[in-house]
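Data first, discussion second: the structure below is written as structure tokens.
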Number of protein chains: 2
Amino acid sequence: MSEKKEISEKRQRLIELGGEILDLSRITALMGWDQQVYMPPGGAEERGMQSSVIGRLIHEKFTSDEVGQLIADLEAEVGDLNADTDEARSIKVLKRSYEKQTKVPLPMLMEQIQATTMAHQAWVEAKEKSDFSIFEPHLTKIIDLSKQYADLFKPYDHVYDPLLDDYEPGMKTADVKAIFNKLRPQQVELLKAIAEKEPPDNSFLKQYYKEEYQELFGRYVITRFGYDWNRGRLDVTHHPFTTGFGQGDVRITTRYLKDDGGSALFSTMHEAGHAMYEQAIPAKYNRQILGNAASLAIHESQSRLWENLVGRSKEFWSFFYPSLQMLFPSHLANVDLNQFYRGINRVEPSLVRVEADEATYNMHIMLRLEIEMGLIEGSMEVKDLPEIWNTKMQDYLGITPPNDAAGVLQDVHWSSGLVGYFPTYALGNLVSVQLWDKMLEENPNIPDEIAKGKFDTILGWMHEHIHQYGSKYEPQELMVKATGSKITPEPYVKYLTTKYSEIYDL
Amino acid sequence: MSEKKEISEKRQRLIELGGEILDLSRITALMGWDQQVYMPPGGAEERGMQSSVIGRLIHEKFTSDEVGQLIADLEAEVGDLNADTDEARSIKVLKRSYEKQTKVPLPMLMEQIQATTMAHQAWVEAKEKSDFSIFEPHLTKIIDLSKQYADLFKPYDHVYDPLLDDYEPGMKTADVKAIFNKLRPQQVELLKAIAEKEPPDNSFLKQYYKEEYQELFGRYVITRFGYDWNRGRLDVTHHPFTTGFGQGDVRITTRYLKDDGGSALFSTMHEAGHAMYEQAIPAKYNRQILGNAASLAIHESQSRLWENLVGRSKEFWSFFYPSLQMLFPSHLANVDLNQFYRGINRVEPSLVRVEADEATYNMHIMLRLEIEMGLIEGSMEVKDLPEIWNTKMQDYLGITPPNDAAGVLQDVHWSSGLVGYFPTYALGNLVSVQLWDKMLEENPNIPDEIAKGKFDTILGWMHEHIHQYGSKYEPQELMVKATGSKITPEPYVKYLTTKYSEIYDL
């Protein structure tokens, strides 16, 4: 057998194994979707067992000696892992992932799965009863396991690095700190200036909007955006999310609030942004490691772009507002376009991250990041979290949660073992504006197009500069390719300042 | 280590491995449910890949040497496999299944999966276009693979035995032939007698009934039956079915026809009958081989009992008819209870099995069984099927399908590789009446209870005599335990004759 043939057989074998592992992880995603959307309560226990069987299979298959040997052989063959070919890059991404996963002993993985299953149940109960003490021992365990996990990657620059790196490949704690240190004072200053002004009225939003028409409108909007229903669907859940089982099936969910007509619409646009990214990853990467998104921050940039840069813009509403008025004539009879635009952009320090406006959102993230770092570094203790949370909420946003359910217990992430994830939300905001600015520089007509209900230039630009690459490049590399610069806060601050200066007459 | 400890460790290991295999098969079931209920069309290709990865994993895990050795060791330990303990029986059932599956070479299994995936697609297209030639080569392949499969189990009494045995453990082709040979002339005679009489009017059913109210009524009925919504749900599909992912999550589906107000209701009762069986299998069998149903005929007996013995009875409607009239006052204003009862029991030779009445249903099955046997024995050829089908339809039911979509292409089974499955439908009818008679002998009050909307005696009797055993006993054994007799056609014929003599004044 010639050497070339051997190499191509090895490559084929690795693609095959990788495909099987991806298939299994997508099956896990389907099980998760079903669990959140349609599973009856009685199914929880057995579903948990079924998930952990798949989780272990994925780990065993991926960390096998065969996979390690194939990666090593092919690495030697492709040479420079930074070369710009799919072959070199897929080996690089696989190697990175393989090296991380093989460091985790199976018993630790099983302990993590068990601990998060129990922590999640405890969190649900704790949130319902607004009693942090129910969740406290579980969170202590999760933090302990996160530290143990981080320690597998010694030496590190910072103990938080290995956690962050799982969601934002190549990003360091120092990078995030530097970005946030620049961002924080400027956002605080902007918020102060806004707080001195009279806020626009948004009471027209804070009433009951018939769910059926909300859905109709949401579906109309994201259809125009370019969400492909042949390869997706929209369902209702407690917490909106996007999940994909391959490029051909990327689903979103939303929720309809009884006292807020805006929440579902903006969340639908948000999730459609996530989904259009996954739907657009090229078919050539199907069942391959490069067929994933580049990172969570890049993913979030897509959702925030459609939700905020597009969906909260004047141009967007100049096109869509008449349709909304048709559906809700009595709600909106006395609200003109400008009032509506100002109302949906009202800045209001609020308790809950997922309902936060653009100007305050990042403050929620900084608070969480500081707590995560404190816990992981050991400078904070889990038992003190409710107090720390409330103090920081007062410092950053001038409000104090009335109870822990609306405070430290509001997010699901920690109960699922997701530590290191939160910063990607704020980074996603920054990325969205950085991409937006570059796109508008190249296509100054975009605002006019939006005002005509046309979005293909935007989606096409994202296809070309972001979506087509899957996970071929690390996020910072991708940003340099797309915009000429790594992630930086200036464009975001400028965007916020310009937008709110006009709305608030600063 | 003591010998006892070793045995108990081996048993533990086998339970663990068996649990994982069951988990995987239930994940497959979830994927199938999603595919039929909610998957967007774009997901089909990758879903197919994902299913085959799981299918291969199940096969590999189950047919491993470790499983074989554990079964052999534990078999030696428990001694008599027919002893009435769960330990002995579970080894027996496992061994039976292991021996069947290890006979199938992996390439053959993969060929089957691939062939049925393609055959299913071809069948969908063939049915849509009503063109048998599109499906013909695929069915030829399926029949060929079925013969190859049967030949793995030589020597056999009859080539059809190994196929039948997959769905009806322990049942032989000779048994089925004997039963059907008794049944056929009596059903034919009854149908002749009925055909000479004026049929009751059922035109009130053949109109549009608002789906929302059909659903309301169907949910109400099966809630009273005892279907547990905490461990199940009802969705809409093209073809109604039941599927379970463990005792805690057993789902059903239905479909609403535009021109028939009865179809969805009877199918909902039917599927609820299946589901209440699976919901009632004891928790001690969770994730264990004995936690399955005894056989397809036993399964079908449960669905047919609730659909027909209960759901098409006079007592049932004396309780429920007022509620139905409330929902559909204009449809049913001029239809009294007796007219309604006679209308829903109208006998009408029809083209489509799933819509057939009780008196003609088994004729559809006999036709299919004869064709399957002819194909497997080699006395018929696939290319002649449309003609054979139409001739037999004329012989048995006096009607000829206008096209192949309403004829030989109507059922999905063959396209999914299910050969040997059809007879279990007719056997299920027989079993339902056999169980019913025994239950009424012991509980003569049941008809009065039904007339009061009470069903717990029925469900309780089934729990005690059928559900609680899972797959511990082979179907014929279970029937002897429950009724004192193996499956026999006499009670069914007597039931049909009595029922229709009254309705048709024979």
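Residue numbering restarts at 1 for every chain, and letters A, B, ... go by the order of the sequence lines.
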For the candidates Glu45(B), Arg231(B), Gln279(B), which exhibits the highest count of non-hydrogen atom pairs separated by less than 4.5 Å from chain A? Arg231(B)
Evaluate the side chain to side chain contact (heavy atoms under 4.5 Å, CB included) criterion for residues Arg287(A) and Val53(B): first the C-alpha distance (whole Å), next the side-chain angles of each, then the deciding distance (0.1 Å), finally the verdict. CA-CA 12 Å; Arg287(A) 298 181 79 240; Val53(B) 165; 4.2 Å; yes
Just wondering, are more than 12 heavy atoms of other shown residues or ligands nearer than 6.0 Å to CD in Gln114(A)? no
Pick from Val37(B), Ile27(B), Asn286(B), Leu24(B) with the largest number of heavy-atom pairs that fall under 4.5 Å of chain A: Ile27(B)
For the pair Trp33(A) and Tyr38(B), name the ring-plane relationship: parallel under 30°, tilted 30 to 60°, perpendicular over 60°. perpendicular
N-O pairing of Arg251(A) and Asp34(B) below 4.0 Å: yes
Using atom types as modelled and distance alone, determine if a side-chain donor or acceptor of Glu46(A) lies under 3.5 Å from a backbone N or O of Asp249(B). no
For Ile54(A) and Ile54(B), what are the C-alpha separation, side-chain angles and deciding distance, and is it a side chain to side chain contact (heavy atoms under 4.5 Å, CB included)? CA-CA 10 Å; Ile54(A) 296 277; Ile54(B) 296 276; 4.0 Å; yes
Side chain, backbone, both or neither: which part of Leu22(A) has a heavy atom under 4.5 Å from chain B? neither
Considering all heavy atoms, the nearest Phe245(B)-Gln50(A) contact: O-NE2, 3.2 Å
Checked Pro40(B), Gly248(B), Gly19(B) vs chain A; the most non-hydrogen pairs under 4.5 Å come from Pro40(B)
Answer yes or no: are there more than 12 heavy-atom neighbours, outside Tyr213(A) itself, under 6.0 Å from its atom OH? no
Is Glu20(A) close to Arg56(B) at the side-chain level, that is, under 4.5 Å between some pair of heavy atoms? yes
